[in-house]
Number of protein chains: 2
Amino acid sequence: MGHDFPKLTAEEAAELIPNGAMVGVSGFTPAGSPKAVPSALAKRARALHDAGEEFQIRLLSGASTGEACDDALAEAHAVSWRAPYLTSAPMRKLANTGRLDFIDMHLSHVAQMVAGGILGPMDVAIVEATEITREGRVYLTTAIGNSPTFLQKADRVIIELNSYHAPRIRELADVVVLPAPPNRAPILINDPLDRIGKQYAEVAPRKVVGVVHTHEPDGGRGFAPPDLVSRRIAKHVSRFLIDEIASGRIPPEFLPLQSGVGNVCNAVLAGLADSPGFPKFKVYTEVLQDAMLDLIADGSILGASTCSLTLTNEKLRFLYDHFDDFADRIVLRPQEISNSPEVARRLGIVAINTAIEVDVYGHVNSTHFYGTQIMNGLGGSGDFERNAYLSIFMCPSVAKGGRVSTIVPMCSHVDHSEHSVQVVATEHGLADLRGLAPHARARRIIDRCAHPAYRDYLRRYLESAPLGHLRHDLRRCFELHNNFLEGGVMLPD
Amino acid sequence: MGHDFPKLTAEEAAELIPNGAMVGVSGFTPAGSPKAVPSALAKRARALHDAGEEFQIRLLSGASTGEACDDALAEAHAVSWRAPYLTSAPMRKLANTGRLDFIDMHLSHVAQMVAGGILGPMDVAIVEATEITREGRVYLTTAIGNSPTFLQKADRVIIELNSYHAPRIRELADVVVLPAPPNRAPILINDPLDRIGKQYAEVAPRKVVGVVHTHEPDGGRGFAPPDLVSRRIAKHVSRFLIDEIASGRIPPEFLPLQSGVGNVCNAVLAGLADSPGFPKFKVYTEVLQDAMLDLIADGSILGASTCSLTLTNEKLRFLYDHFDDFADRIVLRPQEISNSPEVARRLGIVAINTAIEVDVYGHVNSTHFYGTQIMNGLGGSGDFERNAYLSIFMCPSVAKGGRVSTIVPMCSHVDHSEHSVQVVATEHGLADLRGLAPHARARRIIDRCAHPAYRDYLRRYLESAPLGHLRHDLRRCFELHNNFLEGGVMLPD
Ligand SMILES: CC(C)(COP(=O)(O)OP(=O)(O)OC[C@H]1O[C@@H](n2cnc3c(N)ncnc32)[C@H](O)[C@@H]1OP(=O)(O)O)[C@@H](O)C(=O)NCCC(=O)NCCS
Ligand SMILES: CC(C)(COP(=O)(O)OP(=O)(O)OC[C@H]1O[C@@H](n2cnc3c(N)ncnc32)[C@H](O)[C@@H]1OP(=O)(O)O)[C@@H](O)C(=O)NCCC(=O)NCCS
């Protein structure tokens with residue numbers, strides 16, 4: 001499996017990574033992320049720091065990574081610069097306290113920026129695989145992410161050969177690397193399950209400095225069953241999509257669905273699958289979670305294109321045990337393809353993502369609390385939102401036990417503009433904003449989506465704000481946020 | 001030319017448009033916009049209003065239209081709903097005073113939303129052409145816009161046959177209508193000048209209720225030669241692009257350029273063409289103005305794909321008089337193709353657009369002053385910004401004689417998020433934001449782009465704001481704007 005490449009321990013491999021190196025890691029979410037070498041690197045960093053030496057790397061990935069990577073490296077203060085996404089609590093803390101440069105990027109941008117040298121040279125890539133051949137074919141595991149590009153661009157490559165994964169996982173992979181512009185041809189995907197590439201990524205064998213053997217699960221976290229609020233949001237969204245089909249605005253066979261991660265998105269998937277008469281459909285998305293695998297298994301979802309299999313250990317085992325049932329119904333793609341604007345627009349995807357807050361005009365904040373604190377980052381939401389046929393954002397109407405309204409006069413950070421957000425849903429209802437001017441959008445969002453306890457405030461804000469195409473009072477538009485920051489509640493009694 | 005279709009006066013045609021109708025008009029900017037019927041419709045609306053009757057239409061176009069359309073209809077209060085873009089001062093005034101529902105849309109979205117029935121049925125289309133054949137072939141004039149889709153979807157069609165235009169203009173047209181998803185195939189454009197369609201749009205002849213003969217120029221406005229500030233901005237942008245080529249981050253042959261409208265964009269084009277050794281390049285854009293035609297004529301620009309020829313009367317005459325020189329160097333496309341995310345990303349365009357204001361983190365406001373007053377709308381800037389290989393925004397560092405800084409702590413309206421804005425330039429310098437975390441972006445924008453008179457304020461704002469991934473003080477982030485609104489100057493002495 002590792003052929004002639006030097007066999008290393010994780011510690012030996014970690015020694016090959018110098019202070020200041022730009023390191024690219026495989027995977028997308030914990031799926032396919034390297035495990036042994038990043039942990040060993042974190043230990044090495046601690047030891048060096050204890051000895052008074054500087055040691056920090058620049059870390060680039062597909063999206064978030066697993067605990068053995070982001071958490072371990074953050075806790076060891078071993079990262080100075082991080083892109084394009086994070087979900088790790090310790091990494092987030094560094095980013096929010098000025099101790100880490102975090103760059104929140106569109107996930108579809110990463111490969112072309114690395115390939116173009118825009119982020120500087122990549123010194124080392126650490127890539128998890130089930131096999132590497134003498135000729136440099138690298139068979140990836142549960143996610144493709146940016147690995148094909150990192151393998152091409154990195155000066156030196158460390159492979160983690162993880163025997164936990166079934167070698168057959170390669171049958172799901174469909175690997176291509178887009179050439180640099182202006183030499184790009186069309187991406188010939190007309191259906192989510194179309195295949196256009198190979199089962200493996202490629203690396204120049206001379207660059208492979210070592211192979212580390214591991215046997216570790218991805219350790220993907222499961223989700224609690226959807227709560228009442230998620231189920232209510234899901235009901236509004238499913239009903240809306242059913243009506244759209246009934247009215248002919250969405251074709252009878254439905255359209256490929258992109259669905260964000262988390263409870264609410266899982267509840268929507270389940271809600272659609274449960275709706276009597278709703279057509280079976282395909283998915284074109286970036287993350288496939290347990291709930292979706294179940295729906296593929298029971299036939300409600302006809303198949304999925306994704307960048308990663310973000311499954312719990314049990315569900316991944318189930319996939320491997322019943323591989324024949326899934327082999328031609330799941331395609332694993334690099335993120336420049338799973339999140340491609342070209343493919344998203346052509347297929348006419350319906351994009352469903354979760355918001356942190358939404359303002360009365362339909363701008364969406366996906367990333368920052370109170371204008372300052374990063375949560376996870378944008379992820380693929382911008383890739384999908386802008387190029388979808390229909391773009392839906394959802395969230396509970398309140399957070400923090402009701403002390404925060406997620407419907408606000410003005411978003412404290414805007415990731416998605418009013419021009420790209422077409423539908424907003426909370427547990428109270430759904431607002432279809434298409435074709436509505438700003439004042440009508442505001443009325444609809446307040447009446448249908450805001451929590452009743454905040455509706456009066458929002459209406460009064462608008463009525464008292466200076467008139468314009470949008471009404472806004474720049475002296476008071478963040479009053480709710482400032483109340484919360486000062487007194488812990490947006491609307492004091 | 002008009003064949004068997006009923007020949008009508010403009011007044012007779014206007015009579016066919018009922019109160020409340022959704023009307024789609026041809027063109028994109030004044031180019032190709034209908035002239036006689038909208039003017040007659042405005043007169044009819046005035047007469048009806050004088051007689052105490054209600055009369056207002058819903059008006060959909062490619063982008064802005066000419067004076068005979070938007071200005072005339074707005075002055076007659078004959079429009080209740082308008083999309084997707086406007087540059088007309090009277091129309092803007094209605095939108096900003098609550099007397100018009102204006103919907104500011106991504107220009108690439110319009111055709112698919114009309115085709116999908118999302119904006120409601122289209123009652124009447126008014127389309128300018130040089131010819132309509134018995135079979136329903138419609139040869140459009142100086143812009144394609146959404147005419148091919150409007151002709152398909154409208155219940156009734158009025159054709160303005162404008163003999164001002166040279167019939168040979170059809171040789172530039174490349175008309176396709178994309179099918180509805182999920183039945184879309186790749187758009188096979190690999191080079192800005194590739195042709196994939198026909199010279200004409202199509203209409204079912206039975207829907208054509210009349211043909212109106214006209215002889216009217218588009219009346220495109222010219223631009224004064226670039227002023228000093230524009231030339232300085234252009235110098236920074238050209239130098240940056242030259243350096244990008246030198247460093248290999250942009251290929252030696254350059255990439256297709258998308259360029260917004262206006263003085264600064266024209267100055268950049270001229271600046272690139274004037275730079276010794278800068279490669280000759282092609283353009284993939286939505287509007288072609290006088291300056292670009294000159295550069296095609298002198299060979300500095302190898303060719304252009306555009307949605308409209310927004311030329312002065314003299315320059316259009318020049319084009320017609322030298323048509324053979326341009327026939328295979330200009331392609332006129334529908335806006336769902338000129339602004340296609342698929343084509344923009346594949347070609348790897350460099351997008352250069354103008355901002356109203358930019359905040360220290362790189363968010364861009366393209367549309368609204370002070371959070372409330374619409375200027376023109378988003379246009380195609382979002383289509384290009386999100387899918388470009390490199391996205392640049394420019395503006396003078398101050399407006400209103402220095403009383404307004406265009407570099408602000410937080411944008412009062414966000415159309416383009418920090419994730420999509422890669423380079424910012426003013427007359428003071430250029431900030432390349434790629435790969436930089438928020439604090440570094442802020443420093444760079446303030447140091448290089450802000451007007452010196454505002455730099456201290458901006459630095460102090462940041463230093464005193466609560467720490468986070470972004471620093472922001474939601475009590476003070478609009479202090480400059482509020483100063484201006486209250487006292488007419490952002491930084492009182
Ligand atoms: C928006 C996003 C954070 C929501 O995640 P989620 O797990 O569904 O959200 P939850 O409702 O559980 O909220 C997560 C936390 O944010 C808090 N929160 C949510 N909205 C808030 C608001 N407006 N103000 C303050 N806190 C808020 C919640 O209270 C919760 O905090 P806690 O963990 O301390 O209880 C998440 O979807 C995300 O990061 N999206 C951006 C990336 C993306 O869209 N990717 C899509 C392609 S996969
Ligand atoms: C942004 C945009 C308005 C700039 O247009 P422009 O003609 O280059 O800009 P100017 O510098 O002449 O400014 C236009 C007006 O706005 C004012 N202005 C500009 N920035 C301002 C600011 N931050 N605050 C207040 N006023 C401002 C100017 O003072 C000027 O007003 P005046 O006419 O009363 O003197 C224009 O490019 C636009 O509408 N863009 C959005 C659409 C788009 O990007 N299309 C791209 C594809 S074609």
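Within every chain, numbering begins at 1; the chains are lettered A, B, ... in the order of the sequence lines, protein sequences first and strands thereafter.
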request  = May I ask you to check whether over 12 heavy atoms, not counting those of B:Arg475, lie within 6.0 Å of atom CZ?
outcome  =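 No.
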
task = Could you check whether the rings of A:His472 and A:Tyr361 sit parallel, tilted or perpendicular, using 30° and 60° as the cut-offs?
result =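 The arrangement is perpendicular - the two ring planes meet at more than 60°.
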
query = Parallel under 30°, tilted from 30 to 60°, perpendicular over 60°: which one fits the rings of A:His368 and B:His469?
reply =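 Correct class here is parallel.
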
Sort [X] into side chain, backbone, both or neither according to what part of it lies under 4.5 angstrom from a heavy atom of chain B.
X	value
A:Asp415	both
A:Arg345	both
A:Ser420	both
A:Pro186	both

Would the distance check show the side chain of [X] and the main-chain N or O of [Y] forming a donor-acceptor pair, the cut-off being under 3.5 Å?
X	Y	result
B:Arg471	B:Leu462	yes
A:Ser391	A:Ala388	no
B:Trp81	B:Leu60	no
B:Ser412	B:Gly371	yes

Looking at [options], which makes the most heavy-atom pairs under 4.5 Å with chain B?
options	answer
A:Gly117, A:Ala185, A:Ala115, A:Gly348	A:Ala185
A:Gln112, A:Met105, A:Gln422	A:Gln112
A:Gly98, A:Gly382, A:Gly120, A:Ala83	A:Gly382
A:Asn190, A:Asn482, A:Leu485, A:Val414	A:Asn482
A:Glu253, A:Met410, A:His413	A:His413
A:Arg184, A:Arg434, A:Arg386	A:Arg386

key: Pair B:His363 + B:His416: ring centers closer than 6.0 Å   =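 No, the ring centres sit 6.0 Å or more apart.
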
inquiry  = Check for me whether the distance between the ring centres of B:Phe478 and B:Tyr370 falls short of 6.0 Å.
reply    =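 No, ring centres 6.0 Å or more apart.
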
key: Residues B:Asp101, B:Arg82; criterion side chain to side chain contact (heavy atoms under 4.5 Å, CB included); working and verdict   = CA-CA 6 Å; B:Asp101 282 349; B:Arg82 178 83 180 89; over 6 Å; no

So which part of [X] gets closer than 4.5 Å to some heavy atom of chain A, the side chain, the backbone, both or neither?
X	answer
B:Pro182	both
B:Glu418	side chain
B:Ser340	neither
B:Ile374	both
B:Asp383	both
B:Cys477	side chain
B:Glu486	side chain
B:Leu255	side chain
B:Leu436	backbone
B:Leu119	side chain
B:Asp104	both

Between [options], who has the most heavy-atom pairs with chain A when the cutoff is under 4.5 Å?
options	answer
B:Leu378, B:Thr97, B:Val343	B:Leu378
B:Arg249, B:Gln373, B:His439, B:His106	B:His106
B:Asn387, B:Leu347, B:Asp432	B:Asn387
B:Arg441, B:Glu342, B:Arg58, B:Met113	B:Glu342

Option from A:Ile196, A:Val176, A:Asp194 for which side-chain contact (heavy atoms from CB on, under 4.5 Å) with A:Ile187 holds =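 Exactly one candidate clears the test, A:Ile196.
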
request  = Go through B:Arg92 and B:Asn376 one step at a time and tell me if the side chain to side chain donor-acceptor pair (under 3.5 Å) criterion holds.
outcome  = CA-CA 7 Å; B:Arg92 177 186 301 135; B:Asn376 301 320; 2.8 Å; yes

inquiry  = Under a plain distance cut-off of 3.5 Å, with no hydrogens placed, do B:Ser464 and B:Arg476 share a side-chain donor-acceptor pair?
reply    =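 Result is yes, a qualifying pair exists.
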
query = Looking at CD of B:Glu479 and CZ of B:Phe484, how far apart are the two atoms once the value is rounded to the nearest 0.5 Å?
reply =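 Between atom CD of B:Glu479 and atom CZ of B:Phe484 there are 15.5 Å.
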
ask   = How far apart are the C-alpha atoms of B:Asp473 and B:Tyr461, what are their side-chain angles, what is the distance that settles it, and do they pass the side chain to side chain contact (heavy atoms under 4.5 Å, CB included) test?
value = CA-CA 8 Å; B:Asp473 185 340; B:Tyr461 169 81; 4.1 Å; yes

